[in-house]
Amino acid sequence: MLFGRTPILPSPEEALKGRPEPEFTVPERHTVLGNPLLGPYPAGLETADFGLGCFWGAERAFWQAEGVWTTLVGYQGGYTPNPSYEEVCSGLTGHTEAVRVVFDPSVVPYASLLKLFWESHDPTQGFRQGNDVGTQYRSAIYTHSPAQAAAAESSRDAYQKVLTAAGHGTITTEILPARDRPFHPAEAYHQQYLDKNPGGYCGIGGTGLSCPIGVAKADG
């Protein structure tokens, strides 16, 4: 689709204009977990946002984790308000495909989600995951608190040491506050796509290297 050109993120001025309201509705409930997709969520739960390539397989990796209450896929990290899938794929919105994970920290700590994130993709590939090429496939973590930001950065540094020792390149993962990068839910057919289409494309594949976060001093 890019015909050999290197993907480039647009500036805010170059991004598509978008729209004040989404053009589609999001299903009420998760097809696997049965819980509501959109907030407000029950007290005691926390939210985490991750981008790790095609969001179909990424979402399944997280909904299968113990302690995850709901997941939904969307577009994050860009400038165009309420984009469509086609607009995101054009590379003119600045978004990456993301998974929102709502979880119970008393069951699954944020550090464990970070470990799953790092091990489920190759965070050194820039605007690409495997054969999927484009700005919408970049690796990203959008944090919801200073504690999440500190944990994300610490886990990145720890995993970089593992990757470097194995001959891999530099992590390109974008780590930014979620408040500065609004999450826009994707169209209904993308939500829990691999539950609706069990034989569908997954695209998730890590480096095969274990992330040390969540093993010893998981919570710092």
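- Legend: salt bridge (Lys or Arg N to Asp or Glu O under 4.0 Å) pairs involving residues 76-96, not counting sequence neighbours, sorted by first then second residue: R19-E87.
- Judged as a side chain to side chain donor-acceptor pair (under 3.5 Å), and not counting sequence neighbours, the contacts of Y159 are T207.
- With sequence neighbours excluded, no residue satisfies salt bridge (Lys or Arg N to Asp or Glu O under 4.0 Å) with E187.
- Applying the side chain to side chain donor-acceptor pair (under 3.5 Å) test to D104 and every residue at least two apart in sequence or in another chain returns S106.
- Taking Y193 as the reference, W56, N197 meet the side-chain contact (heavy atoms from CB on, under 4.5 Å) condition, with sequence neighbours excluded.
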Please output the side-chain donor-acceptor pairs of residues 40-48 that fall under 3.5 Å, not counting sequence neighbours, one pair per line with the distance.
from: Y41; atom 1: OH; to: L37; atom 2: O; distance (Å): 2.6
from: Y41; atom 1: OH; to: G39; atom 2: N; distance (Å): 3.4

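- In this structure, D122 has no salt bridge (Lys or Arg N to Asp or Glu O under 4.0 Å) partners at least two apart in sequence or on a different chain.
- Under the side chain to side chain donor-acceptor pair (under 3.5 Å) criterion, H30 pairs with T71, not counting sequence neighbours.
- Remark: D195 engages T31, V32, W63, Q192 in a side-chain contact (heavy atoms from CB on, under 4.5 Å) (not counting sequence neighbours).
- Taking E153 as the reference, nothing meets the side chain to side chain donor-acceptor pair (under 3.5 Å) condition, with sequence neighbours excluded.
- For E14, the side-chain contact (heavy atoms from CB on, under 4.5 Å) test picks out P10, S11, with sequence neighbours left out.
- Each salt bridge (Lys or Arg N to Asp or Glu O under 4.0 Å) pair with one or both residues in residues 53-80, not counting sequence neighbours, would appear here, but there are none.
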